[in-house]
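In what follows, chains carry the letters A, B, and so on, assigned in the order in which the sequence lines appear, proteins first and then strands, with residues in each chain numbered from 1.
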Amino acid sequence: MGLRIIDVPRTTARTRDLVGPGGGPGRSAMTTSTPNTDPHRYDHAAIEKKWQSRWAADRLYEARDDDPREPYYLLTMFPYPSGDLHIGHWFAMVPPDVAARYQRMLGKNVLFPMGFDAFGLPAENAAIREGARPHAWTYANIERMRGQLHTMGSSFDWSREIITADPEYYRWTQWFFVQLLKHDLAYRAMAPANWCPSCQTVLANEQVVRGEDGLGRCERCETVVETRDLEQWFFRITKYAEELLDFSSIEWPERIRTMQTNWIGRSEGAEIRFKLEAAVAEWDAITVFTTRADTVFGATYMVLAPEHPLVALVTTDDQRGDVDAYVHSTRMATEIERQSTERPKTGVATGAYALHPFTGARIPIWIADYVLASYGHGAVMGVPAHDTRDFAFATQYGFEIPVVVGGPAWDGEPLSEAYTGDGRLVNSGEFEGLSVAEGKAAIAAALAEREAGGVSINYRIRDWLISRQRYWGAPIPVIYCPSCGPLPVPEDQLPVLLPEVAEFLPTGESPLALNAEFVNVPCPQCGEPAKRETDTLDTFMCSSWYFFRYPDPHNNEAPISGGLAKQWLPVDQYTGGAEHAVMHLLYVRFFTKACRDMGIVPLDEPFLRLFNQGTMTKDGAKMSKSRGNVVNPDDWVSKLGADAVRLYLMFLGPWDRGGDWDDSSIQGHYRWLNRIWALARLQQARGSDAESATRIRRLTHRMIAKASEDIASFRFNTMLAAMMEFTNALAKEPERGAVDGEAWDEAMRSLVLCLAPSAPHFAEELWERLGNAYSVHQQPWPEFDPALISAETVTLVVQVNGKVRAQLETMVGLDAASAQAVAEADASVQRHLEGKTLRKVVHVPDRLVNFVVG
RNA sequence: GCCGGAGUGGCGGAAUUGGUAGACGCGACGGUCUCAAAAACCGUUGAGGGGUAACUCUCGUGCCGGUUCGAGUCCGGCCUUCGGUACCA
């Protein structure tokens, strides 16, 4: 037994000198700990404080632009500075931190920045509630969270920190707006907009989520949204709809790709113009979009959305009363009841008629709220026989239901429900007998020929509404001049500073509108008195380009220089929650493509790889302030250390599945670290023992292989399990007899290296105590010897009729005959074979032998 | 309704993709140390049955069926649950 416990000096003098007097950035979260004398515990408080200071002093994690090594840009979604870093932030940020540390050990020049998404409603609401100033409130929170991020032991490069509410930052947010405006990618339009009565502002479509009751609700406050007609600024994201469907150059989770694809909602079909019997104003026809042009001969009525501009024009005097009442009632009911798919169809006739493009038949024009103004042309042709909604409507109002597609089972009788399947066209003039697919093509072609329509592609996605009637955001840099019209603020006058205002109470108009000093400004073109835009930009715009800025955060000439863009972009790995699938993650892609086309950055996609972590819950419920179940890790950090909390979060399960916070198992990780600590204090008599060396080295290299594989694919839980297993096996070595000194040292060193990304403070301390040079975080990731991970013996499982009857240690590579012989020799196996007829033997090399007997 | 993901011990979760189900951790139980407790360490721990014993048998991955020598894994049909989406013409 060649092991004894020796005492290694706690801290070297050199290190102690580098820990500054104040103790560095550990800040208030650290409790003062009594000197640790327990031999079974390591002093996490002292160690974590010490190394955090040292790393900061040494700027260990700052990425340098002139570093010749391969760049690797790893980004995790930056937080909103809500005030406290809770366990959800840890759950989101620890794994990317581990990944960043791992990539550094692989020899990459890693850019792993952090910042704050600092504009937004909570600051303003806090101001209204508590009388705080949004600016002061936000920046105090940032200060606090920055400190908490330090206690996590994160390796963010703080020299590149960005805060979206800094004028140096939003100057460029505004600049991007001006560029989009100049390239006709931003426009102002009167349009029905989603209005959140609680936030007192408009919302983009993406920011309206469907509540459990099926109603459209504000993504932030869950208030049911209303529709209002307002003049607002939009970005032309629809121009990029087609390109946004192409994910071929990026590795993103299927789930997110599907959600974006569905959101964009590409639909192939045809446009059909139905001439009005009597033209009104500039309208001589109603255009509809349909995916079923093949059924055009079955159209027996047309429906306009109640909001359709033609409604007021075509309605006959007879019908005006009913139509006005219906339009009024839809307006009142707005989204609330219209969202329900269950309720019966309603509608009224306008009294006007359209003409069928092929038969010339008179077709009544109705309005009904099942037709949405925002989709297609806000008008449909009613084909009751082959559309379930039209069938319901036609049944309700007594329209004819002529069959124009005969399915294989159709007997020529009237239908009892809509038939939407394949079949042959009937009652369809010259197109008789064609299949559905042939009919679609032939009819679209015929329509084009008659200039009555043709092939068309429609998208569900709408342009991105970016105006907000709120204070705490970047002012939209536009000036309205009575004679020159709306003009962008000249670039040399950016940023348009957000003034301190006294009144934040939302009135439906931006609080900035009350500030005369802000509003009144000379026209940049003619110099006459003009007025500033008083709305602010959607904060999703701030986060649409923030990843451009980290590579070049202090550039005063441009948002990012061409050289640095080329060096660092795109982001190699992005991580964050899936809740941003069709908001942030779609906007960023649009923004990147728009910037490419404006010649600002040379890239098609912002993020090459995306990984979405799951949600961290508490007692099965989402954590939220309103539920009062938000877990703050600070207590655990002071009790057991940041490293133990990090390990706990990583060990919970697969990262993308989330996990439930249950603090009962955290101390198991602390226990594990202490066991490693104890193992490291064992110092063997320097000796060599070939048998022990082989055994230890095999264990070591197998552990490295497993850890390498798992960390690279974000499988942190199984990586740690492999390392724990290794620790257990290593701890048993001394009991087995002589221990090989060199192999033991290699084992300890490898364990510490593999642990370094996950438990950075602990590993750094142990690395030093094992006599190695600072810093463990600058060491190469250990490599494994493939020769050592292949086993020399395997467990051969012997089954009889599929049931395990023996497990035999055998040499690797036995052939079928020898394996069978070995298996048959086993007593237990023999007992089960006795008196039976052997029908078949299945042999899987180095795995199993199965005797099939009858 | 439609599109995805997931159902494995008391709990969180493993399982090389068809080859020993339950790795690793938590908890629990028993023991060592202690005046005692905590901590730490050692052992046991899917359920049930048989044996003084070393041992041994049966069942077992949401449910029902199937394919296969062999199924947590593949196929068919359900159930539950979590996301997403919903009159999109």
Side-chain angles (χ1 to χ4, degrees), chain A residues 38-41 209-210 214 253-256 258-259 261-263 265-267 269 288-292 295 303 305 338-343 345 368-372 374-383 386-390 392-393 458-461 578-579 581-582 614-615 617 620 647-648 651-654 656-669 671-672 674-675 678 706 709 715 717-728 731 795-807 828 831 839-853:
Chain A
D38 188 335
H40 302 298
R41 296 181 185 214
V209 296
R210 192 153 300 259
E254 167 101 45
R255 196 159 111 252
I256 303 292
T258 306
M259 282 165 72
T261 302
N262 292 341
W263 186 262
R266 182 183 199 271
S267 172
V288 302
F289 173 78
T290 179
T291 53
R292 294 298 304 274
T295 64
V303 188
R338 286 184 74 179
Q339 303 287 354
S340 169
T341 57
E342 298 299 309
R343 97 206 147 95
K345 302 269 178 287
D369 64 6
Y370 81 89
V371 175
L372 308 176
S374 60
Y375 186 80
H377 296 279
V380 300
M381 62 177 190
V383 183
H386 305 293
D387 181 282
T388 49
R389 297 152 304 179
D390 294 346
F393 190 77
N458 191 54
Y459 299 91
R460 194 190 89 111
I461 190 173
E579 66 272 19
V582 293
T615 314
T617 55
L647 293 173
Y648 165 76
F651 194 70
L652 264 181
D656 53 358
R657 275 208 239 157
D660 195 60
W661 174 265
D662 170 19
D663 44 34
S664 68
S665 65
I666 302 179
Q667 47 119 358
H669 297 276
R671 198 142 59 197
W672 178 47
N674 280 312
R675 285 172 58 215
K706 177 70 176 154
E709 194 186 318
R715 289 199 300 263
N717 56 332
T718 49
M719 170 185 78
L720 293 178
M723 288 163 61
M724 290 172 183
E725 220 171 335
F726 176 66
T727 312
N728 294 344
T795 307
L796 187 73
V797 173
V798 185
Q799 299 180 334
V800 178
N801 283 348
K803 291 196 164 141
V804 179
R805 297 301 177 189
Q807 292 150 43
S828 169
R831 206 166 53 242
R839 300 201 191 280
K840 189 175 171 185
V841 180
V842 180
H843 176 239
V844 182
D846 294 338
R847 271 277 140 83
L848 95 161
V849 175
N850 186 12
F851 294 100
V852 185
V853 298

Visitor: Within the structure shown, what part of the strands sits under 4.0 Å from A:Asn728 by heavy-atom distance: base, sugar-phosphate, or nothing?
Guide: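 Sugar-phosphate, backbone atoms only, no base.
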Visitor: Sequence neighbours left out, what passes side chain to side chain donor-acceptor pair (under 3.5 Å) with A:Thr718? Give chain and number order.
Guide: A:Asp710
Visitor: Sticking with atom C1', work out how far B:rU17 lies from B:rG70, rounded to a whole angstrom.
Guide: 15 Å
Visitor: Write down the partner of B:rU58 under the Watson-Crick or G-U wobble criteria, each distance required to be under 3.5 Å.
Guide: B:rA47
Visitor: What's touching nucleotides 5-8 of chain B from the protein side, N or O pairs under 3.5 Å?
Guide:
none

Visitor: Identify, with sequence neighbours excluded, every residue that meets side-chain contact (heavy atoms from CB on, under 4.5 Å) alongside A:Thr617.
Guide: A:Asp660
Visitor: So what does A:Thr258 hit on the nucleic acid, given a heavy-atom distance under 4.0 Å: a base, only sugar-phosphate, or nothing?
Guide: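 The answer is nothing, as A:Thr258 stays clear of every strand by at least 4.0 Å.
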Visitor: Holding to side chain to side chain donor-acceptor pair (under 3.5 Å), I want the full list of residues that pass it with A:Thr795, two or more places apart in sequence or in another chain.
Guide: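 Applying side chain to side chain donor-acceptor pair (under 3.5 Å) to A:Thr795 gives A:Glu809.
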Visitor: Rounded to whole angstroms, how far apart are CZ on A:Arg292 and P on B:rA89?
Guide: 11 Å
Visitor: Could you tell me whether A:Val380 contacts a base, only the sugar-phosphate backbone, or nothing, with contacts defined as non-hydrogen atoms closer than 4.0 Å?
Guide: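 If one applies the 4.0 Å heavy-atom cut-off, A:Val380 turns out to touch a base.
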Visitor: Can you list the residues that meet the side chain to side chain donor-acceptor pair (under 3.5 Å) rule with A:Asn728, with sequence neighbours excluded?
Guide: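 So A:Asn728 forms a side chain to side chain donor-acceptor pair (under 3.5 Å) with A:Arg675.
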Visitor: Which value, in whole Å, describes the distance between the C1' atoms of nucleotides B:rU8 and B:rA23?
Guide: 13 Å
Visitor: Using a heavy-atom cut-off of 4.0 Å across all strands, would you classify A:Glu254 as base, sugar-phosphate, or nothing?
Guide: nothing
Visitor: Of the nucleotides B:rC87, B:rC69, B:rC24, which has the atom closest to the A:Val852 side chain?
Guide: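 Of B:rC87, B:rC69, B:rC24, B:rC69 is nearest to the side chain of A:Val852.
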Visitor: What interatomic distance, in whole Å, is found between C1' of B:rU61 and the corresponding atom of B:rG72?
Guide: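 Comparing C1' positions in B:rG72 and B:rU61 gives a spacing of 5 Å.
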Visitor: With A:Val797, which of A:Val849, A:Val804, A:Asn850, A:Val844 fulfils side-chain contact (heavy atoms from CB on, under 4.5 Å)?
Guide: A:Val804
Visitor: Could you write nucleotides 18-23 of chain B as a row of B, S and -, 5' to 3', where a protein heavy atom under 4.0 Å of any base atom gives B, of only sugar-phosphate atoms gives S, and otherwise -?
Guide: -BBS-B
Visitor: I'd like to check the ring pair (Phe, Tyr, Trp, His ring centres under 6.0 Å) partners of A:Tyr648; sequence neighbours left out, ordered by chain and number.
Guide: A:Trp661
Visitor: Heavy atoms under 4.0 Å, any strand shown: does A:Arg715 hit a base, just sugar-phosphate, or nothing?
Guide: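 The residue A:Arg715 makes no contact with any strand.
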Visitor: Please compare A:Gly376 and A:Ala731 by the position of their nearest nucleotide in RNA chain B and report the one closer to 5'.
Guide: A:Ala731
Visitor: If I take atom CZ in residue A:Phe726 and atom P in nucleotide B:rA14, what distance separates them, rounded to the nearest angstrom?
Guide: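 Computing the A:Phe726:CZ to B:rA14:P distance gives 23 Å.
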Visitor: Whole angstrom is fine here: how far is it from CE in A:Met719 over to C1' in B:rG13?
Guide: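 It works out to 16 Å between those atoms.
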Visitor: Could you state the atom-to-atom distance from CE of A:Met381 to P of B:rC88 in whole Å?
Guide: 14 Å
Visitor: Over how many whole Å does the gap from A:Met259 atom CE to B:rC3 atom C1' extend?
Guide: 11 Å
Visitor: Over how many whole Å does the gap from A:Asp662 atom CG to B:rG10 atom P extend?
Guide: 17 Å
Visitor: Remember a base hit wins even if backbone is also touched, and classify A:Arg805 as base, sugar-phosphate or nothing at under 4.0 Å, heavy atoms.
Guide: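 The answer is sugar-phosphate, as A:Arg805 gets under 4.0 Å only of primed atoms, P, OP1 or OP2.
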Visitor: CG of A:Leu720 versus P of B:rA14: gap in Å, rounded?
Guide: 12 Å
Visitor: Using every non-hydrogen atom in the two residues, find where A:Met381 and A:Arg292 come nearest and quote the distance to one decimal.
Guide: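 A:Met381 and A:Arg292 have their closest heavy atoms at CE-O, 3.6 Å.
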Visitor: Looking only at atom C1', what distance separates B:rC24 and B:rA15, rounded to whole Å?
Guide: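 Roughly 12 Å separates the two C1' atoms.
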Visitor: Rounding to the closest angstrom, what is the interatomic distance between B:rU80 and B:rA86 at atom C1'?
Guide: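 Each nucleotide's C1' atom is 22 Å from the other's.
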Visitor: Examine B:rC59: is either OP1 or OP2 under 4.0 Å from a nitrogen or oxygen in the side chain of A:Lys803? Give yes or no.
Guide: yes
Visitor: Name the closest nucleotide to the A:Phe289 side chain, picking from B:rC87, B:rC59, B:rA89.
Guide: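 Per side-chain heavy atoms of A:Phe289, the pick is B:rA89.
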Visitor: Would you mind telling me which of B:rG25, B:rA86, B:rA89 lies closest to the side-chain atoms of A:Arg460?
Guide: B:rA86
Visitor: Using the ring pair (Phe, Tyr, Trp, His ring centres under 6.0 Å) criterion, which residues pair with A:Phe651? Sequence neighbours excluded.
Guide: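 Ring pair (Phe, Tyr, Trp, His ring centres under 6.0 Å) check on A:Phe651 returns A:His669.
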Visitor: Nearest to the side chain of A:Arg675, which nucleotide is it out of B:rG25, B:rC57, B:rC87?
Guide: B:rG25
Visitor: Could you check A:Ser374 against A:Leu652 and say which one's nearest nucleotide on RNA chain B is further toward the 5' end?
Guide: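 Nearest-nucleotide comparison on RNA chain B picks A:Leu652.
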Visitor: Between atom CD1 in A:Ile666 and atom P in B:rC26, what is the gap in whole Å?
Guide: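 Roughly 12 Å, once rounded to whole Å.
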Visitor: Give none if B:rC87 has no partner; otherwise give the nucleotide forming a Watson-Crick or G-U wobble pair with it, both distances under 3.5 Å.
Guide: none
Visitor: Can you name the side chain to side chain donor-acceptor pair (under 3.5 Å) partners of A:Arg389, sequence neighbours left out?
Guide: A:Asp387
Visitor: Of all the choices, B:rU56, B:rC87, B:rA89, which nucleotide is nearest to the side chain of A:Asp369 once you look at every atom?
Guide: B:rC87
Visitor: Report yes or no: is the cationic atom of A:Lys345 (NZ for Lys, CZ for Arg) closer than 6.0 Å to the six-membered ring centre of A:Tyr370, at no more than 45° off its axis?
Guide: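 A:Lys345 over A:Tyr370 ring: yes.
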Visitor: What contact category does A:Arg671 fall into here, base, sugar-phosphate, or nothing, at under 4.0 angstrom with non-hydrogen atoms?
Guide: sugar-phosphate
Visitor: Checking all strands, does A:Gly668 fall into the base, sugar-phosphate, or nothing category for heavy-atom contacts under 4.0 angstrom?
Guide: sugar-phosphate
